[in-house]
Amino acid sequence: MAGHDAKTASGPEQFLLDHFDSPAAQLHTAKLGMWVFLASEILFFSGLFTAYAVYRGNHPEMFAYGQHFLDWRMGALNTVVLITSSLAAALSVRFAQLGQQTALRRSLLAVIGCAIAFMVVKYLEYSHKITNGVVWGDGFSPSPEILAELPAALRALPVPEGMGRFFSIYYCMTGLHGIHVLVGIGIYVWIYRHAARGHYGPTYYNAVDNAALYWHLVDLIWIFLFPLFYLIG
Amino acid sequence: MSTHGENYLTAERGWRSWITTRDHKRIGVMYLTVILISVLLGGLFALAVRLHLWNPDGLLVSNDVYNRLFTLHGAVMIFLFIIPGIPAAFGNFVLPMMLGARDVAFPRLNLLSFYLYLAGTVFFLAVLVFGGIDTGWTLYPPYSFESGKGLALLLALLGVFIIGFSSILTGVNFIATMHNMRPKGMGFFDMPLFAWGLYATSIIQVIATPVLGITVALGFVEYLFHIGLFMPEYGGDPVLFQHFFWFYSHPAVYIMILPAMGVVSEVVSVFSRKPIFGYRFIAMSSIAIAIIGFLVWGHHMFVSGQSKWASVIFSVLTLLVAIPSAIKVFNWLATMYRGSIRLDTPMVYVLSFLLLFGVGGLTGLFLGSLSTDVPLHDTYFVVAHFHFVMVGSVLSAFMAALHYWWPKMTGRLYDERIGRWTAVMVLLGFLLTFVPQFIMGAEGAPRRYATYPYEWELLSRLSTVGAFVLGSGMFASLINLLQSLRRGGRRAPANPWGAATLEWFTTSPPDPHNFHGLPPLTGPYNFSVLQYIGGETGWVRRDGYNV
Ligand code: HEM
Ligand SMILES: [Cu+2]
């Protein structure tokens, strides 16, 4: 049955699926679905936040020590990058609603650019740590060079027992977040290709809207991760 | 009743039209097929387990193989059959029709969920082939994550993860469908109770399943990279895994039971020819069960070393769940009271449900009470308890749903007499299997052992005989259903049971678009609008609305 296929008109109307009465109903439904999915995403991360809380409660010394291996300037830079991208994502929705195609494309590119910048910073952070033996689990054995970067008062202290556990949680949480950023890049590339063909406009911008919702959540999770790892010691 | 014209089965032909379909009805049928295959496999494993326990020293296999068998049985039944079962197969098929809608809110996503489910299932089957998992379905570390378990554990975890994701997407889809696809004039409290059951279930799926997802994802990382979260060997905490696991798996038992209760609400009302009693209570108690169900997971961990105050609180909260469950049971009984009850096959299964859920729920209270659970934990008493609720109740409801909607799905009527007798056989086989297990459990027989002392030989053998009766009953009922598909099988009228929910106001099998225009809404349990003609025509509406 041809029933569910998009109608063969051109322009935004072609995206109205025929089991909906109107574009408004379709948008409303799509957004509701996205919100419910985001609730699910939050619960997905909640497992890790719980692990964080449990381990922090049991081993405060690990967290106090481990924090010094993380460069808060890099974290802050990434926070700014992500907030900027969220702004661009919000603007992209607005531009789509207004039908301003050029501005829409630019804002989408801005989101993608920021997301890539975020991953580059992440890569620099990870690779610096991993090459210096600051890894998860029992593999944790920091090189003299990276220990030399620590504050002098800290260097005098012995490395806490089982220090790798802190980095296990760090890599799991930031890694999972990073995977979400990568997925976001994929989504925005896909949206950009549609936008380049002029598929979005005042009557149809569901995908742009939903992508922005997703992106804000990814941003929000980082807003929690940043202080939890980089700032509170 | 129009028998000519296309229906969803014939409108398009060829396997390609099936695998690319976005029609919720076809997707429901595909789910049903895979789910029935899973139940068959799971059943065969169960029979092997019971056969082995015929002798106190074991009959068939080595102890190691025995461990694998019960793991396969539990994992297949839980993850492949009973969790997705009713929502994915029957929810998909009937929910949009119950709402008078063309389809679910996101048809493409729906197909994706199906393929995820299928892929997850294949991973699980890969585990069957490569073998080696012998931890029980709960996969508790440290034993399960010890190195050297090989590929199978990773595949199993991946499979569970994928199936979980599929179930989240289905939940999202159903919630959006119920919010936004209802026709004008049908408020939330005008939906059939099966839809309410699915609504509560979907909420749990969306909120609880991701926790399972992150648990297995962390298990994956733990196994591969030794990050030290769950394994004491690497500095982790195995009890943390248990918390994560049960935070999902307790609500998961409500993922199983709530849709089953929805089926019961439909069937009880239709086959008593009385509007459901206490509609709002039943609807809201589903939501109450969904919410309280999130707060009781610790009752699986009374002996795990969690703090005793936590245990006390979990115990109290567990007893609270009994209240909304009992509300439902009393409302069903009140619906039947002075109704004109017809003992067709779906109703026989529902009566089994009521009996067995009563026992299963009440024994849950023994286990939920801290002091009685300590000696009963990990005995056959627990095994019998959860089989009363999972097999006795959910499987009965699944079979009720299968017989109830079969004419709608296939357009065929099965042999009612055989259907009824196989239902009785399933009930008797079930009782024979699990009543002895209650007794053994109360006497202290621990679960999951390949051998047992001679004093339990008789009870154990009775249980084995029961399992084969149960299995034969199931098998016979499936044959009975499949028989109806033969050339020349009896055609089903649009409304064979005299039900008043919307899916019965279209042809059997339905049109690809479900309806030609929305039938006038008269309320899901308003039987006064129906009139019995009989024969090929079944029930029709008095207002002259004809499909
Ligand atoms: C209605 C009230 C219910 C109560 C109060 C209840 C209570 C309990 C308790 C306390 C346990 C833990 C026993 C132990 O391990 O020591 C348990 C185990 C279990 N229950 Fe229930 N239950 C109820 C309903 C259900 C339902 C509806 C289902 C499924 C459809 C279910 C499935 C299970 C399963 C699968 C286990 C055992 C898991 C395992 O250890 O392998 N229960 N129940
Ligand atoms: Cu439980």
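Order of the sequence lines sets the chain letters (A, B, ...), proteins ahead of strands, with each chain counted from 1.
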Checklist entry - Side chain, backbone, both or neither: which part of Asn173(B) has a heavy atom under 4.5 Å from chain A? => result neither
Checklist entry - From Leu182(A) CG over to Phe118(A) CZ, what is the distance, rounded to the nearest 0.5 angstrom? => result 9.5 Å
Next on the checklist: Under 4.0 Å between a side-chain nitrogen and a carboxylate oxygen: does that hold for Arg165(A) and Asp138(A)?
Outcome noted: yes
Checklist entry - Rounded to the nearest 0.5 Å, how far apart are CG of Asp103(B) and CE of Met97(B)? => result 10.0 Å
Next on the checklist: For Arg193(A), I'd like to know if atom CZ has over 12 heavy atoms of other residues, nucleotides or ligands within 6.0 Å.
Outcome noted: no
Next on the checklist: Only pairs of heavy atoms separated by less than 4.5 Å count here; which of Leu109(B), Leu212(B), Leu240(B), Leu229(B) has the most with chain A?
Outcome noted: Leu229(B)
Item to check | Proximal component of Phe167(A), with respect to chain B [non-hydrogen, under 4.5 Å] | outcome: neither
Checklist entry - Checking Ile42(A) against chain B: side chain, backbone, both or neither under 4.5 Å from a heavy atom? => result neither
Checklist entry - Where does Ser46(A) contact chain B at under 4.5 Å (heavy atoms): side chain, backbone, both or neither? => result side chain
Item to check | Ala101(B) portion near chain A, given a 4.5 angstrom heavy-atom threshold | outcome: neither
Checklist entry - Does a side-chain heavy-atom distance below 4.5 Å link Trp215(A) with Leu82(A)? => result yes
Checklist entry - So what's closer than 4.5 Å to chain A heavy atoms on Ile168(B): side chain, backbone, both or neither? => result side chain
Item to check | Proximal component of Phe225(B), with respect to chain A [non-hydrogen, under 4.5 Å] | outcome: both
Checklist entry - Where on Phe241(B) is there a heavy atom nearer than 4.5 Å to chain A: the side chain, the backbone, both, or neither? => result neither
Next on the checklist: Classify the ring geometry of Phe165(B) against Phe37(A): parallel below 30°, tilted from 30° to 60°, perpendicular beyond 60°.
Outcome noted: perpendicular
Checklist entry - Under 30°, 30 to 60°, or over 60°: which ring-plane class applies to Trp190(A) and His194(A), parallel, tilted or perpendicular? => result perpendicular
